[in-house]
> 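My questions will all concern the structure given below.
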Amino acid sequence: MQVRTRFAPSPTGFLHIGGARTALFSWAYAKRHQGQFILRIEDTDVARSTPEAVQAILDGMEWLGLDYDEGPFYQMQRMAQYKTIIQQMLADGSAYLCYCSKEELDALREQQMQQGVKPRYDGRWRPEDGKDLPVPPQGVPPVVRFKNPSTGVVAWDDLVKGRIEIANAELDDLIIARADGTPTYNFCVVVDDWEMQISHVIRGDDHVNNTPRQINMLKALGANIPQYAHLSMILGDDGQKLSKRHGAVSVMQYDEEGYLPEAVLNYLARLGWSHGDEEVFDMQQFCQWFDLDHITASAAQFNTEKLNWLNAHYIKTCPQEKLITETIKRLKAKGVFAEATSQLSDAIALYRERANNLNQLAQDIAFFFVAPVANNMDVEKHITPEALPIMSAFVTKVSKIDWSVEAIHMAMNDIVTEHQVKFPKLAMPLRVMLTGGAQSPSIDQVMFILGREVALQRINAYLS
RNA sequence: GUCCCCAUCGUCUAGAGGCCUAGGACACCUCCCUUUCACGGAGGCGACCGGGGUUCGAAUCCCCGUGGGGACGCCA
């Protein structure tokens, strides 16, 4: 069977982490089976859909590298098709007109809630053999409802949750076209999944409840029923549900915050899915391994610490060229202008091992390009009166050496020997003078990259 | 309220009746490396929600309970 999956976001906001994982799994499943991955924009809610949101979703997909074989399709451009099918259903009796007003429906719902029963449409306009329907009221545009089977059960073997059965008696006749004639979500999904020949519907488990209705409609249309895989939700770092109000952020924000897409992808892949003990793998590997059998049925809590760890890994293994580009961009955002020089490259090479974030990496090496403002506590602690003569001697010595890491290191050794002090007595003040802080890689390497002129200038600023 | 889903270390997870004295990873702690901080290396801490079954044997299967979550729109 040809595997065809789809990602079908509604453009009412950015692509968040949960949507990204859903897209990732659908994408990977298609890749794994040499199938097609389709992007479909579900924009039938005209009031809430925006072109900006469409763009945000496209941007997010692109940043993550989730390419699609077909689409993006826009449901608003498929209106004619939906309406044709609605007419057919009306004609063959699988759908009918309902003249209930919203007010009537609200009253019904409220009454049912009070009685402690599941709120649902009571079928007052549903045609039935031997049943007399009310007379359609004047001037009320009807909605179209799907005539859901009233008996029996709908069941499917969910690829992540196992068999799920719902009694048709639990379902009501859902509206498939609004009073203004526009089709609703559940109906459009059905038509699209059918016509786009989707073989596997991989989506969030907030859609579990829609599935039986969709299956019933698919059956009424004589369509094949796709396989369903419902993914559990992703909770925030605090275990709370993610929402626009609480913690849900665009995947693009991870870019802004200094994460590499490789890290986000790897992290997301392991959130709710596993392949034995494998933790670190690229998307090519993931696409070879990915299966629906190893998806967890329970919700997963997001863990930024682990994402950071993966980000550190991908910063270490990232091509140097990409790191240079990223760092220049991020330095610029801090108002530090650097060019792709060998000095920048050397600085990155020296610091990339210790960074778990691109913004941090930029921050760490900014002092190479802009004189640092030293931390007062570090200055007090390390640049003591006793340190100054040592530093003076060091300046004198280092002014005359060949400019190499080895020579600088030897000079440092000579000075500590001559002054009979431990190495840190020289290294620490030097570190503070050169970098502005007490933490850095080997200071001889830092000094070498900084260059003799700038290094001496920074030291002398403390000596005068 | 009604229906549906879920339940292993703090977190992500391995686990398909004996391989489990429950494995890995993040975090945390200790030690090593060391020129500070990281990185890296070696250890450590740490979990099967509760109760009943089924079975020679259950983290794994069944039931009940409890706790979480989701859905009940002319939203998607």
Side-chain angles (χ1 to χ4, degrees), chain A residues 8-12 42-45 47-49 75 98 100-102 105-106 109 112-121 141-145 158 160-162 164-167 169-172 174-186 188-189 204-212 230 232-233 235 237 239 241 267 270-280 293-294 296-310 312 316 351-356 364 378 382 409 412 416 422-428 430-432 435 437-444:
Chain A
S10 64
T12 55
E42 311 218 318
D43 54 356
T44 54
D45 185 352
R48 294 198 303 152
S49 299
Q75 290 186 323
C98 167
C100 280
S101 67
K102 287 183 187 181
L105 260 16
D106 288 344
R109 187 157 32 240
Q112 288 166 326
M113 286 289 255
Q114 274 177 4
Q115 289 171 351
V117 296
K118 191 173 185 166
R120 69 240 270 216
Y121 177 62
V143 299
V144 179
R145 284 185 187 272
D158 196 277
V160 349
K161 294 188 187 283
I164 299 178
E165 295 187 13
I166 311 279
E170 289 296 327
L171 273 21
D172 63 0
L174 76 158
I175 292 172
I176 59 175
R178 304 178 177 94
D180 65 5
T182 59
T184 58
Y185 165 77
N186 270 298
C188 296
V189 167
D205 73 358
D206 46 334
H207 289 290
V208 166
N209 294 270
N210 291 325
T211 307
H230 287 99
S232 293
M233 59 187 309
L235 272 22
D237 248 327
K241 186 192 173 183
Y267 179 72
R270 276 290 287 104
L271 204 54
W273 175 84
S274 60
H275 186 75
D277 290 340
E278 300 293 344
E279 295 286 352
V280 181
D293 299 342
H294 292 84
T296 345
S298 55
Q301 189 170 318
F302 196 87
N303 184 230
T304 305
E305 298 282 0
K306 191 159 180 177
L307 207 212
N308 288 343
W309 172 73
L310 279 168
K316 277 179 211 156
Y351 274 83
R352 61 186 292 166
E353 288 280 321
R354 51 209 297 125
N356 66 6
D364 284 350
D378 291 333
H382 299 291
H409 190 74
M412 291 182 76
V416 296
K422 298 225 183 247
F423 201 89
K425 286 290 176 197
L426 168 59
M428 291 312 292
L430 182 57
R431 200 178 322 265
V432 176
T435 73
Q439 289 107 47
S440 83
S442 291
I443 197 60
D444 41 14

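The structure presented is a predicted model; accordingly, all values stated were derived computationally and were not measured.
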> Quick check for you: among rU35(B), rC3(B), rC6(B), whose closest atom lies nearest to any side-chain atom of Lys161(A)?
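It is rC6(B).
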> Work out which heavy atom in Met412(A) is nearest to a heavy atom in Asp444(A); give both atom names and the distance.
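Residues Met412(A) and Asp444(A), closest heavy atoms: SD-CB, 4.1 Å.
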> Report yes or no: is there a donor-acceptor pair, N or O only, under 3.5 Å between the side chain of Arg270(A) and the base of rU13(B)?
no
> Spell out protein contact along nucleotides 66-76 of chain B as letters: B when the base is contacted, S when just the sugar-phosphate is, - when no protein heavy atom is under 4.0 Å; keep the 5' to 3' order.
---SBSBSBBB
> Quick one: on RNA chain B, does Gly276(A) or Gln439(A) contact a more 5' nucleotide (nearest heavy atom)?
Gly276(A)
> Does any nucleotide pair with rC26(B) by Watson-Crick or G-U wobble geometry, both distances under 3.5 Å, and what is it?
rG10(B)
> Nearest to the side chain of Gln301(A), heavy atoms from C-beta on, is which of rC26(B), rU35(B), rC12(B)?
rC12(B)
> Between Ser298(A) and Glu170(A), name the one whose nearest nucleotide on RNA chain B is closer to the 5' end.
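Per heavy-atom nearest nucleotide, the more 5' residue is Glu170(A).
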> Let's test this: given Watson-Crick or G-U wobble pairing with both distances under 3.5 Å, identify the partner of rA71(B).
rU2(B)
> Go through rA27(B), rC12(B), rU11(B) for me and flag the one nearest to the Ala300(A) side chain.
rC12(B)
> Quickly work out the His382(A) NE2 to rU35(B) C1' distance and round it to whole Å.
11 Å
> Between Asp205(A), Asp206(A), Asp158(A), which is the residue that forms a side-chain hydrogen bond (donor to acceptor under 3.5 Å, both in side chains) with His230(A)?
Asp158(A)
